[in-house]
Amino acid sequence: MKETKEKVKGWFAKAGQSVADKLNEWINPFSHAAKKKGLIAMGILTSMVCVMLVIRSLQSNETSPSLKVEQITTPADIHPKENAVTTDPERSIMEQYNRMIRFKELVEKLSSSRDHLKLDSLMKAHPGLRDSLNEFIKHYY
């Protein structure tokens, strides 16, 4: 196995050396200023091609047949939609209440488990939220 790797490695080294020698024969006769101008011209041409490709992709309204992009959607179980038909103010109140209940359940789950680091970081991100939530539950639940 090692011999095969060494053979392939040697072949690539020989091919690379022959390409370098050929380029050396072509480019070395030029003056330093000509080499510099050639490098600048190649850099400008390469950047123009890249910019043209980006602009072309932004201007095109057609979708690519080779690359299909699917729309990102949230899973249905994150925020289940309720089937009850209610008015908008009632619906928003119910959604807020449900979010508070889910948050209370999360806090209770984290405080009952041994994962106090997540609970501490959650309480640091939302100070006073637990007290407000407990007061709300005590008065209205």
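What's counted below: heavy atoms across the whole structure, side chains too, no hydrogens, waters or symmetry copies.
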**OP:** Could you work out the complete set of other residues in the hydrophobic cluster of I93, with links drawn between I, L, V, M, F, W and Y side chains under 4.5 Å apart?
**Re:**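 Members alongside I93: none; it stands by itself.
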
Original post:
Apart from V49 itself, what residues make up its hydrophobic cluster when side-chain heavy atoms of I, L, V, M, F, W and Y under 4.5 Å apart count as a link, directly or indirectly?
Top reply: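 Once heavy-atom contacts under 4.5 Å are chained together, V49 belongs with L53.
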
Below 3.5 Å, can you tabulate the donor-acceptor pairs from side chains in residues 29-41 to any protein atom, sequence neighbours excluded?
| residue | atom | partner | partner atom | Å |
| --- | --- | --- | --- | --- |
| S31 | OG | A34 | N | 3.3 |

Subject >> From OG (S92) to CD (E90), nearest 0.5 Å >> reply: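 If we round to the nearest 0.5 Å, S92:OG and E90:CD are 9.0 Å apart.
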
Original post:
Taking NZ, NE, NH1 and NH2 as the nitrogens, is one of them in K7 or E3 under 4.0 Å from a carboxylate oxygen of the other?
Top reply: no

Subject >> Any residue meeting side-chain hydrogen bond (donor to acceptor under 3.5 Å, both in side chains) with E25, in chain and number order, not counting sequence neighbours >> reply: none

Hey, can you pull the donor-acceptor pairs under 3.5 Å for the side chains in residues 8-22, sequence neighbours left out?
| residue | atom | partner | partner atom | Å |
| --- | --- | --- | --- | --- |
| Q17 | NE2 | D21 | OD1 | 3.2 |
| S18 | OG | K14 | O | 3.4 |
| S18 | OG | A15 | O | 2.8 |

